[in-house]
Amino acid sequence: MRTEEQRDPDPAPAGTPPRSLAEALRTRDDASLSALLRIRPDLITPVPTDLTQLATRAGTRASVVRALERLDRFALQTAEALAVASDPATYDELLGLMAGDDRDPAVTAAFPHALTTLREQALVWGSDDRLRLVRTARELLAPAPQHPSPTGLGPTVAEATAGMSPGRIQEIVAACGLPTTHDAVSAVASLTALFTDRERMPALLDTAPPESLEVLSRLVWGPPYGQVTADPARHLRWLIDRALLLPTAPGTVVLPREVALHLRAGRAHRETDPVAPALETARTHRPQMVDTTAAGQAYTALATVEELLKDWHEGGPSVLRAGGLSVRDLKRTAVALDVVEPVAAFWVELAYAAGLLASDGEAEERYAATPGYDEWLELAAGERWAKLASAWLAATRTAGLVGGRDAKDRTLSALGPGLDRSAAPEVRHRVLALLAGLPEGSSAVQDSVIARLHWERPPRGPRTAVGDDLRGRLARWTLSEAELLGVTGRGALSAQGRALLGLPPAPAHDTAPETVSGSGSIGTDAGRGAGTGAGAGTGAGAGTGAGAGAGAKLPVHRHLRPVVEPAALLPRTPAEQAAAAAQAARILGPLLPEPLDHVLLQADLTAVAPGPLERPLADTLGVLADVESKGGATVYRFTPGSVRRALDAGRSASDLQAFLTAHSRTPVPQPLAYLIDDVARRHGHLRIGAASAYVRCDDDAVLNEILADKRSQGLRLRRLAPTVLAAQADPAALLEGLRSMGFAPAAESAEGDVLITRAHAHRTPPRSAPEPVPDGPPVPDATLLGAAIRAVRAGDLASTAPRKTDQAGLPGTGELPRTGSAETLATMQAAVMTGTTVWIGYVNAEGAASQRVIAPIRVEGGFVTAYDHTADEVRTYPLHRVTGVAELADDQQ
């Protein structure tokens, strides 16, 4: 059965107040409907057939819960107050519940905007003298014994006395000094009038014992329920006898709503928050310093991701059976990157979100770089950063959860399941948009950011400490991750960060000195300084946005401005996102250091890279030397092992000497030249092959030295010939064992040729980046909204157009018309000749029935060609699929 707001009565005469939510929606223009569907996209999935179905869908529990969760605190408090008001309520009654008897000026000023928000989201409908909350929302927010109201109010006198004997009600009326009545209904009405009378009620309370007033003070702000014994004390009996406390169950009493509101001076809430908390400024820096710092962080981010995937070049850690990295592998990765484990988890998850890292899918499954990583390396530095930042901004995987516990008390691991949080992208965008609203170069106090987010989306469910809920933790992680990634610098939004959000460039940089401003703040205008596309918020004073255009056909409701939903601030279409990323890359590119083609060789067997190196130089130097320290300048150290590694990769001594000479701004130091020649002279002097394994050498003295060395006992060597030793160990173990003894053997093939062991890259098969988990249906674009609204309007025309009724009146019942084939054909032909519009029932090839309003143009060959008002186009219908036809009323022709 449809509820009252969903029921579609006969169309009301023009100018009369709407009698249902469907009628209220019917009075809206296309701009207002478009704003509704953008704010509540679940209403358009799938597209409703008409406005009646749209109203029905808007009243479903799942949709209402989602809409309530996306209200700001003051709008939600307004809905909670309307849930405890009379049904329907007047504008002044609801304002009194919010602003109190003294009409708080701040609440009074913000109230029209909050009410407009509820109207535009189809949670409230009706004229100002008959405001109604959608029934499902009232059921969720109204007081009930099973779930207390957020207002702390209890049931009304009428609700609490339901089932009480008429005699007992008359006794209460008499105890209150009221005249008795002839029936319980009028008696309850008399009590209600007393409790809501601001002049008579104080006189009644003045006669109460002090202990009774103390009991009322403990219950007034909730919870309104209390426990009493079978024989209550005198001061409790005084309250019960006058219905100031009413029994609800044996041993339980409740404070009636009207009494509580009188004691609260008419307020439904103990505290109201009509204005969004101001965002406090922590520090203000010169914009150039912010951009330079952020660029440095961006360069570090690129280097860190490259280092991570280079470390996993030949295959990374194994994949756990349940998925993800083990704790030990995460610790190893953190040590390799020289960061703490939570930061290592962030870099690993970032590379995974960007599609640069995945599991290889082998039997012994391991993590490795994807082919997309090689493509990423070929991009310019700014484009590589934009790809990482865009992936982070849109990802629902949340690295901050790593190390925590899931609902089944299992540890959440990096790259493992259970890390998706659909709210993460919206929170990241909102935090950055709030930073964009600060003066340029300013950072925000973290607690003020969290407080602002809590006002825009109040946490629901069990109460937690401020910042400990999911959105609060996401905000903290966003601020730290944005700094790591270079979206912000020194806590302030950078130029490339603004571009990434799709915001216009900030004004030209000034040269004002840095300041510390712990008490500074921006105003409550959420959109000030942030533009109307990404910085506007839901607070009072928010700029115009998706909610604009509340519909010219709506009655005047004293509203100030349309609502702006933060979800509408999420980036846009894929083309717009790509354009924003490209702009961010263009801004960042000139700020990154240019790659160098040289190093500085030093006599202590080190090389200093004073900046980032060109990729071929960095790759070769990474094989020839070991990284000793990183920072603004990278220090490489040459060792016998690193030189041997380069020789194993196929380089000769002369190649290495020529390489260093070409890429060093200083001469090749003599110790380094000697080291290369010495290792090269011994490289390959020993040959190892498979017997189990063997060692051969033209110098039998070297073989004697090996046999005499105690460290070779584990290899179980024996002499086969003056120049050959056999071993029980396999070739790889023998090769490693002799190298640990200080020799430089080379492996050889079965033909006796030296094997060149070049470093090889292990890649996964082609992999796509993980898809974000959506937070409900996506926000529809303008094209879809326009098409959907046209379809809904046309379907509504078909379902509400008045029809001529036959003798039985069947077409007037809302069912599909039913006529015989001959009558259908005759009516269609008559409509062609007279140019009239008719109403038909139609069943398509899939068996779905619908009703349409058409203007027949031609009837021939078993088909009717007509202009379909429902689809707003000319269509052809097979006559055998038409269930029947009926004429519209004369005033609808």
Side-chain angles (χ1 to χ4, degrees), residues 300-339 341-379 381 383-385 387-392 394-399 402 412-420 485 615-616 618-623 626-627 630 645 648-650 732 736 756-772:
T300 302
L302 295 177
T304 303
V305 171
E306 289 185 43
E307 185 177 356
L308 167 68
L309 294 175
K310 187 180 295 183
D311 187 51
W312 294 3
H313 202 54
E314 299 183 25
S318 300
V319 181
L320 293 175
R321 182 177 302 176
L325 280 180
S326 67
V327 175
R328 178 170 27 177
D329 287 329
L330 182 60
K331 289 181 178 179
R332 289 174 179 170
T333 302
V335 171
L337 299 180
D338 194 22
V339 296
E341 291 172 36
V343 176
F346 167 69
W347 294 121
V348 169
E349 283 290 342
L350 178 63
Y352 178 59
L356 309 180
L357 172 68
S359 61
D360 59 12
E362 303 290 340
E364 302 257 341
E365 198 170 17
R366 308 181 73 84
Y367 288 107
T370 65
Y373 171 64
D374 298 312
E375 300 173 4
W376 180 74
L377 288 176
E378 299 302 320
L379 299 175
E383 294 175 351
R384 282 186 281 137
W385 178 86
K387 183 175 178 65
L388 292 179
S390 298
W392 168 75
T396 55
R397 291 186 61 84
T398 309
V402 172
L412 295 171
S413 58
L415 301 179
L419 295 183
D420 283 291
L485 195 52
R615 188 164 307 284
D619 291 343
T620 303
L621 196 59
V623 176
D626 297 324
V627 176
K630 294 176 289 187
R645 186 170 63 230
D648 287 344
E736 188 63 31
I756 303 300
T757 56
R758 300 179 185 272
H760 65 281
H762 178 62
R763 293 289 182 265
T764 70
R767 294 279 194 266
S768 58
E771 288 291 331

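These numbers come from a predicted model, not from an experiment. Below, all heavy atoms of this structure are taken into account, side chains as well, without hydrogens, waters or symmetry copies.
Counting only distance, with no hydrogens or angles, the side chain of W376 and the backbone of P371 share no donor-acceptor pair below 3.5 Å. No donor-acceptor pair under 3.5 Å is formed between the side chain of W312 and the backbone N or O of Y367. Side chain of E349 to main chain of R397: no donor-acceptor pair is present (N/O by atom type, distance under 3.5 Å, no hydrogens or angles). D360 places a side-chain N or O within 3.5 Å of a backbone atom of R366 that can act as its donor or acceptor partner. A donor-acceptor pair under 3.5 Å links the side-chain atoms of T398 to the main chain of T396, judged by distance alone.
Using a 4.0 Å cut-off between a side-chain N of Lys or Arg and a carboxylate O of Asp or Glu, R645 and D648 do not qualify as a salt bridge. Salt-bridge check for R763 with D374: passed, with a basic side-chain N closer than 4.0 Å to an acidic carboxylate O.
Here the straight-line distance linking atom CH2 of W347 with atom OG1 of T300 works out to 8.0 Å at 0.5 Å rounding. Between the CZ atom of R384 and the CD atom of E378 there is a distance of 9.5 Å, given to the nearest 0.5 Å. Once rounded to the nearest 0.5 Å, the distance linking CG of L320 with OG of S413 reads 5.5 Å. To the nearest 0.5 Å, the span separating CZ on R328 from OG1 on T333 amounts to 12.5 Å. Distance CD/E362 to OG1/T764: 10.0 Å, rounded to 0.5 Å.
Residues E341 and F346 are not in side-chain contact: their nearest non-hydrogen atoms beyond the backbone lie 4.5 Å or more apart. Counting heavy atoms from C-beta outward, L325 and P317 have side chains that approach closer than 4.5 Å. You'll find the side chain of D619 reaches within 4.5 Å of the side chain of K310, heavy atoms only. Using a 4.5 Å heavy-atom cutoff, the side chains of T304 and V343 are not in contact. The shortest distance between side-chain heavy atoms of L350 and L357 does not fall below 4.5 Å.
For L356 against G372, the heavy-atom pair with the smallest separation is CD2-O, 4.0 Å. In terms of heavy-atom proximity, A351 sits nearest to L308 at CB-CD2, 4.3 Å. Summarising the geometry of A301 relative to L485, their closest heavy-atom pair is CB-CD1, 4.1 Å, with the distance given to 0.1 Å. When all heavy atoms are compared, the tightest approach of D311 to A336 is OD2-CB, 4.0 Å. Taking both residues in full, the closest heavy atoms of K387 and A354 are given as CE-O, 3.5 Å, listed atom of the first, atom of the second, then distance.
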- Task: Output, in order, the C-alpha distance, side-chain angles, deciding distance and verdict of side-chain contact (heavy atoms from CB on, under 4.5 Å) for L415 and V319.
- Result: CA-CA 9 Å; L415 301 179; V319 181; over 6 Å; no

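Between the side chains of R767 and T370, no donor N or O sits under 3.5 Å from an acceptor N or O.
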